[in-house]
Amino acid sequence: MNTPMHPDAGLKARTFPMVIHNQPIETGHWRRVYDPADGDMIGLAPVGTQSELDQAVASAREAFKTWSMTPDEERRAACIRMSEALTAHADELALLLSQEQGKPMKGLNAEFELGGCAAWMGFAASLDLPVKTLQDDDTALVEQHHVPIGVIGSITPWNWPLMIAIWHIAPAIRAGNTVVIKPSPYTTLSTLRMVEILTHELPKGVLNVVADGDGIGPSMAAHEGIDKIMFTGSTETGKAIMKAAAPTLKKLTLEMGGNDAGIVLPDADPQAIAEGLFWGAFINNGQTCAALKRLYVHDDIYDAVCDALVATAKQVKMGPGRQEDSLLGPVQNAMQLEVVERLAEQARADGANILVGGARTETSGFFYPITLIADATEDMSCVMEEQFGPLLPIIRYSDVDDAVRQANALDVDLAASVWSSDLDAARAVAQRLIAGTVYVNKHGEVAPHIPFGGSRWSSMGVEFGQEGLLACTNIKIYNIAK
Ligand code: NAD
């Protein structure tokens, strides 16, 4: 493990190198990294430069020549080895992730995320690249194959940084592409270390990582040596990437912001659904693309659902990641904390009723309590904007048509959910919701074999499943005269 002490620190700081062509790349520039739970310095992140990006792209281009021609079974075996390596290093990576990202070890948090990394990587190994015979007669044999695209640039966010990195890396490499990944500046260390581990299972240059630095993301989008960008992050950044990628006509998979609606029908049982609603909204402190971010509850059971959610919220321990019983940690960074604070204050000023939370109680770290906002209305900023934090607006409705209209009113559509004791009634509402995934009596579950992505401003393309693998390929036809 490469953990040199940096002379600047005198602070026992760890750092991890960028990795290009399977070689550690030391740098002269570092940024301090702080634990969001208490502000303690936990390490030094290298700062990437354009020159390192160019080296990484050149390495990936060189490696593509052989990796793209490597027999399928060898690429499958590499994915199996990477999945095993993720499992073998899960404890170390989960701890680093917890310190850097803030999420606790237990619950649906750091250990869970590492489990997901191994699962998605293992699933990639199980997938086949289909070959279809389109014509086979006296005149011709015509076959459709899927071939790798080239160098894939992966740009990742800070909320589920390791799992999302694997969501890009696994299908890209399985299909025969090579990768340059740039992590979010907020979660550099854990990504660097994970990539360092994965490169031990791969030929030189198949996977390279460049730490964030001034303009590295935009440079990737514009880079002539990158053939496709796989991006996960905000809708605004997705649009910027699309614009920057236009001159080189890059292929794009963009997984962007969400503002998922949930509709609770009048026949739902408030006690039975409270826990599902709570974790649908507050998994990873609400910092999840497909978390429940607007809850529409029928007037008949509005108060009962609010009471059940308040009771659930009071039982959940929020605390530093290293405390065994913490199930929720701090907000990851000051920028996101400001968004959450602003939305809560605005909701209060607009006349909403804050049932629980609504103001910071901790004096250190980026903690913000679970905040349930009752009597929210469709014109409030906490309903219209993605909060991406521990805050949930609860909107009262009496006409299900109106709830569906409000749920569909925004441009984002990753997922939605319907909550009811009557599955036929729930399905009828589900049919009318515009969303990539509509859940019934749950929210936010993702799995390697189920395609995931929205259709409007939340996504361009899908990830996961066979469709996600094929998104890392071009179609190639062999048309052979007989
Ligand atoms: P962000 O858009 O600020 O940053 C994401 C990544 O893009 C980072 O690595 C960042 O450095 C990079 N970046 C920033 N500007 C860039 C530019 N102009 N060109 C290229 N790269 C650039 O997002 P974030 O704050 O890290 O993540 C939160 C957002 O991500 C939320 O909106 C959330 O909904 C979304 N998200 C979506 C999914 C999904 O699957 N749809 C999953 C997780 C998060």
Side-chain angles (χ1 to χ4, degrees), residues 31 45 47-48 50 53 100-101 103 113 116 120 153-168 180-188 190-192 209-223 226 229-246 250 252-260 283-294 331-340 385-389 410-415 435-437 444-446 450-464 468 471:
R31 256 181 327 99
V47 177
Q50 181 69 39
L53 175 62
E100 183 180 43
Q101 204 281 344
K103 61 181 71 184
E113 181 163 351
W120 257 269
S154 154
I155 301 177
T156 51
W158 48 261
N159 58 339
W160 294 92
L162 300 188
M163 194 147 70
I164 289 172
I166 295 296
W167 291 352
H168 297 175
V180 175
I181 180 169
K182 183 209 77 68
S184 164
Y186 295 110
T187 44
T188 303
S190 45
T191 310
L192 289 178
V209 59
V210 177
D212 192 84
D214 261 357
I216 296 289
S219 291
M220 287 175 73
H223 207 292
I226 294 180
I229 293 285
M230 295 181 80
F231 163 77
T232 304
S234 64
T235 300
E236 282 318 303
T237 304
K239 289 182 192 173
I241 288 175
M242 198 170 181
K243 202 168 167 190
K250 279 186 184 56
L252 300 171
T253 293
L254 307 175
E255 285 299 343
M256 299 170 283
N259 194 344
D260 290 6
I283 180 170
N284 200 29
N285 242 353
Q287 303 168 126
T288 299
C289 51
L292 178 53
K293 292 173 182 149
R294 302 174 277 154
V331 174
Q332 205 279 328
N333 56 64
M335 168 203 68
Q336 202 61 46
L337 181 61
E338 275 172 30
V339 171
V340 173
E385 282 181 42
E386 181 186 29
Q387 66 274 45
F388 214 59
L410 304 179
D411 290 319
V412 283
D413 62 353
L414 268 185
T437 302
E445 182 186 285
V446 290
I450 304 174
F452 175 74
S455 55
R456 294 184 287 174
W457 286 16
S458 287
S459 300
M460 176 159 293
V462 286
E463 293 187 289
F464 315 164

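Note that ligands are numbered from 1 as they come in the structure, with each ligand's atoms numbered from 1 the same way.
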Contact summary for [X] and [Y], nearest pair of heavy atoms:
X: I216; Y: L53; value: O-CD2, 4.1 Å
X: D413; Y: R456; value: OD2-N, 2.8 Å
X: M242; Y: L252; value: CG-CD1, 3.7 Å

F388: which residues meet the ring-ring contact (aromatic ring centres under 6.0 Å, His included) condition with it, sequence neighbours left out?
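F388 satisfies ring-ring contact (aromatic ring centres under 6.0 Å, His included) with W158 once adjacent residues are dropped.
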Partners meeting side chain to side chain contact (heavy atoms under 4.5 Å, CB included) with T156 (sequence neighbours left out)
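With sequence neighbours excluded, T156 shows a side chain to side chain contact (heavy atoms under 4.5 Å, CB included) to S154, I164, A165, H168, I181, P183, given in chain and number order.
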Pairwise salt bridge (Lys or Arg N to Asp or Glu O under 4.0 Å) hits with a residue in residues 159-168, at least two apart:
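Of all non-adjacent pairs touching residues 159-168, none passes salt bridge (Lys or Arg N to Asp or Glu O under 4.0 Å).
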Protein residues near ligand 1, heavy-atom distance below 4.0 Å?
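Around ligand 1, where the cutoff is 4.0 Å for heavy atoms, the contacting residues are I155, T156, P157, W158, N159, I164, K182, P183, S184, P185, D212, G217, P218, F231, T232, G233, S234, T237, A240, I241, E255, M256, G257, G258, C289, E386, F388, L414, F452.
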